[in-house]
K.L.:
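One structure is given below, represented as structure tokens, and several questions about it will come after.
Just so you know, residue 1 is the first one in the sequence shown, and it goes up from there. What you see is a predicted model, and the numbers here were worked out from it, not measured in a lab.
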Amino acid sequence: QLRTRQQPRPIMVGYQYNEGRLDWPYHQLKAKRNDAWFAAHPDCQAAVSDGKGGFKFNRHQLNTTSPSAVEFEVENIRRIWKKNGWKADESHILRWGPADGNGFDETAASLGIVRGRRDAVSGEWDETDVVFGFMRKVLDAARKEFPNVTLATLVYNNYADFPSHPEWIEGPGLQFTIADITHSRYHGAMDAATSPSRAYYRNVVEQWAKHARRVSFYHYNWNLADAVLPYSRLKIIGRDMPWEHSLGVRGYEDEQLQGESYCAAHDWVQAQLMWNVKQDWRTATETFCRKAYGRGWKPMLEFWLYISDKVSEAGDETGSFFAARRIWSRADAAKLLGWLETAETAGDNARDRRRVRVARHSVDQLVRYLDFAEAYARHDFAAAEAAVRKMCAAIDEEMSELFVRRMDCADRVAEAKRGTGKAVLDPGREREILAKVAERVGPGLETEGRLLFSTLMSISRGRQRAKLADDGKF
């Protein structure tokens with residue numbers, strides 16, 4: 001609803017919707033329907049180093065310099081149009097873009113487009129010109145047949161700079177979403193004096209806003225390098241969103257981690273600023289605390305603002321566990337715990353007090369992490385292992401609570417299916433869920449993630465069947 005109010009959207013197909021995405025993402029490139037194409041056009045695949053001075057084909061990415069690459073994309077646009085029964089002159093947006101990660105073509109032709117430029121943050125080859133030069137070629141070719149097609153893509157990872165030819169991104173038919181995944185986790189664009197990566201990012205964003213017609217943002221609501229220790233985006237959101245609005249940004253997408261222990265406050269404030277970007281973020285934070293913590297709101301306001309200030313003033317940009325000791329001290333942990341204990345004591349009811357305990361989770365993990373880091377620094381590895389095990393145990397406790405909630409949802413699904421008469425097993429939906437899980441956890445945990453969620457869905461089906469057994473509807 002928020003996105004609809006910000007930006008009325010025509011049919012959007014892409015990363016989130018298998019039925020309409022273009023086939024550059026690697027799990028689509030590897031689809032069997034494309035085997036014949038790549039057999040006939042092997043140079044359409046990215047060529048990467050084989051470690052022996054030569055190259056090997058990698059169907060993880062396209063070789064955008066191949067003469068057949070543009071036709072491959074246009075042919076897939078034709079397939080999507082035909083599948084959906086659209087008329088050639090209908091207006092539709094197709095989500096488009098390369099596979100997540102790297103694996104881009106390393107032949108001389110592609111590196112000539114890169115021109116020796118490295119990504120300012122990761123140090124990888126900067127693929128900005130490769131991606132957006134190719135995007136322009138695909139759009140120009142596709143619009144000869146589908147005059148109102150629009151391609152939408154991310155400005156992301158190691159193609160997150162500004163292209164050397166602004167005309168590639170100008171004009172109708174293109175939509176860009178800036179995803180700031182590689183820049184400092186602790187800082188926003190207004191922290192340019194503290195964060196070199198955000199200073200660079202701010203300049204890049206302002207160029208995109210100047211030249212591209214349709215720009216939106218894709219933000220992450222958690223610290224991707226950690227997701228356990230105290231963190232808050234309150235100050236980042238409060239100061240960046242007015243600036244983003246001033247650039248004429250069309251809206252937001254947010255990748256959400258359901259980590260209420262440190263996401264609750266800034267998620268709520270961000271939603272408020274989406275409706276009214278002119279309101280003061282500190283006042284909005286106070287309103288959140290009054291609603292969430294009852295009579296415990298004052299110490300919780302101090303709690304959230306203190307974390308927000310510590311994060312934005314950090315001299316580190318990685319956001320990883322290794323930097324935590326440079327940011328957080330035992331004294332900080334004691335101060336945060338003091339506010340939490342005061343708030344829980346003052347809470348009006350069990351729900352308010354529970355919300356305080358949820359917020360405490362990240363601080364308890366900070367104490368355990370400091371136990372680990374200090375033991376490790378003095379080479380007391382037995383104590384370090386014990387401290388890490390305590391962190392794991394706390395995560396296990398969280399997972400246990402989530403498991404109970406997940407099974408409760410399974411029971412509700414069974415009740416709904418009792419009314420609809422639908423079968424318990426929906427293979428298509430399960431395949432879709434597993435594909436999303438694999439994408440979220442990344443290549444390193446793809447197999448394990450699929451196994452975990454396959455097991456969860458199997459247990460869920462068992463509960464649903466038990467619920468429906470009396471009706472025989474299974």
Side-chain angles (χ1 to χ4, degrees), residues 14-15 21-31 34-35 37-38 41-76 94-141 151-165 168-169 174 176-183 197 200-201 204 208 218 224 438-439 442-444 446:
Y15 290 112
R21 70 210 299 169
L22 282 183
D23 287 66
W24 208 2
Y26 78 97
H27 47 284
Q28 296 292 327
L29 284 178
K30 294 181 179 179
N34 293 321
D35 288 349
W37 178 276
F38 285 111
H41 307 87
D43 65 326
C44 199
Q45 304 167 86
V48 297
S49 172
D50 63 3
K52 301 176 183 178
F55 292 96
K56 61 181 179 180
F57 287 125
N58 172 22
R59 208 157 135 182
H60 184 78
Q61 305 278 19
L62 285 179
N63 173 8
T64 63
T65 66
S66 166
S68 59
V70 171
E71 179 55 27
F72 175 80
E73 292 290 71
V74 174
E75 180 58 34
N76 277 293
L94 303 183
R95 275 299 180 89
W96 180 92
D100 204 352
N102 213 316
F104 287 91
D105 186 69
E106 298 175 8
T107 61
S110 292
L111 292 180
I113 298 172
V114 171
R115 297 179 297 110
R117 191 164 74 167
R118 295 280 184 177
D119 178 77
V121 178
S122 69
E124 301 283 353
W125 290 120
D126 188 315
E127 305 288 347
T128 301
D129 281 358
V130 169
V131 171
F132 298 110
F134 182 56
M135 188 179 191
R136 168 53 67 180
K137 291 178 182 177
V138 172
L139 179 71
D140 289 348
L151 300 183
T153 196
L154 294 175
V155 181
Y156 171 77
N157 196 15
N158 57 338
Y159 48 98
D161 213 312
F162 187 73
S164 60
H165 294 269
W168 288 343
I169 64 166
L174 295 169
F176 303 99
T177 301
I178 297 173
D180 55 341
I181 192 170
T182 57
H183 306 86
S197 71
Y200 193 88
Y201 165 81
V204 168
W208 274 95
Y218 187 107
L224 284 79
E439 193 170 334
E446 182 176 343

K.L.:
Which is it for Ile169 and Trp208 under the side chain to side chain contact (heavy atoms under 4.5 Å, CB included) test, yes or no, and what are the steps along the way?
P.N.:
CA-CA 8 Å; Ile169 64 166; Trp208 274 95; 3.5 Å; yes

K.L.:
Nearest 0.5 Å, what's the CG-NE2 distance between Asn63 and His41?
P.N.:
13.0 Å

K.L.:
How many angstroms lie between atom CZ of Arg136 and atom CG of Leu151, to the nearest 0.5 angstrom?
P.N.:
9.5 Å

K.L.:
Measure up the Phe72 and Trp37 rings against each other and bin them: parallel (under 30°), tilted (30 to 60°), perpendicular (over 60°).
P.N.:
tilted

K.L.:
Any chance you could measure Asp180, atom CG, to Asn157, atom CG, to the nearest 0.5 Å?
P.N.:
12.0 Å

K.L.:
Which is it for Ile181 and Leu224 under the side chain to side chain contact (heavy atoms under 4.5 Å, CB included) test, yes or no, and what are the steps along the way?
P.N.:
CA-CA 8 Å; Ile181 192 170; Leu224 284 79; 3.8 Å; yes

K.L.:
How close do Asp119 and Asn158 get, heavy atom to heavy atom, and via which atoms?
P.N.:
OD1-CA, 3.8 Å

K.L.:
State whether the side chain of Gln45 and the backbone N or O of Pro42 hold a donor-acceptor pair below 3.5 Å, judged by distance alone.
P.N.:
yes

K.L.:
Hey, could you give me the CG/CD1 distance between Leu154 and Ile178, rounded to the nearest 0.5 Å?
P.N.:
10.5 Å

K.L.:
Please name the pair of heavy atoms, one in Ala47 and one in Asp105, separated by the smallest distance, quoted to 0.1 Å.
P.N.:
N-OD1, 2.7 Å

K.L.:
Start with the C-alpha gap between His183 and Val121, add the side-chain angles, then the distance that decides, and say whether side chain to side chain contact (heavy atoms under 4.5 Å, CB included) holds.
P.N.:
CA-CA 7 Å; His183 306 86; Val121 178; 3.9 Å; yes

K.L.:
With the side chain counted from C-beta on, respond yes when Arg115 and Ser164 share a heavy-atom pair under 4.5 Å apart, and no when they do not.
P.N.:
yes

K.L.:
What orientation do His165 and Trp168 show, parallel under 30°, tilted 30 to 60°, or perpendicular over 60°?
P.N.:
tilted

K.L.:
Going through the distances and angles, do Val48 and His60 end up as a side chain to side chain contact (heavy atoms under 4.5 Å, CB included)?
P.N.:
CA-CA 10 Å; Val48 297; His60 184 78; over 6 Å; no

K.L.:
Please work out which of the three classes, parallel, tilted or perpendicular, describes the rings of Phe132 and Phe176, given edges at 30° and 60°.
P.N.:
perpendicular

K.L.:
Can you name the nearest heavy-atom pair linking Glu106 to Ser49, along with the distance?
P.N.:
OE1-N, 3.1 Å

K.L.:
What closest approach, in Å, do Val130 and Thr64 show between heavy atoms, and which atom pair accounts for it?
P.N.:
CG1-OG1, 3.4 Å

K.L.:
When you measure from the centre of the six-membered ring of Trp125, is the NZ or CZ of Arg118 under 6.0 Å away and within 45° of the axis?
P.N.:
yes

K.L.:
Charged N to carboxylate O under 4.0 angstrom, Asp50 versus Lys56?
P.N.:
no

K.L.:
Do side-chain atoms of Asp129 reach the backbone of Pro163 as a donor and acceptor pair under 3.5 angstrom?
P.N.:
no

K.L.:
Could you check whether any side-chain heavy atom of Leu62 comes within less than 4.5 Å of a side-chain heavy atom of Phe134, counting everything from C-beta outward?
P.N.:
yes

K.L.:
Work out which heavy atom in Gly103 is nearest to a heavy atom in Gln61; give both atom names and the distance.
P.N.:
O-CG, 3.2 Å

K.L.:
Could you state the interatomic distance from CG (Asp161) to CZ (Arg117), rounded to the nearest 0.5 Å?
P.N.:
4.5 Å

K.L.:
Quick check: does any side chain N or O of Thr65 sit under 3.5 Å from a backbone N or O of Ser110, one acting as donor and the other as acceptor?
P.N.:
no

K.L.:
What are the two closest heavy atoms between Ala69 and Cys44, and how far apart are they?
P.N.:
CA-SG, 3.7 Å

K.L.:
Working to the nearest 0.5 Å, report the span between CZ of Phe104 and CG of Asn58.
P.N.:
11.0 Å

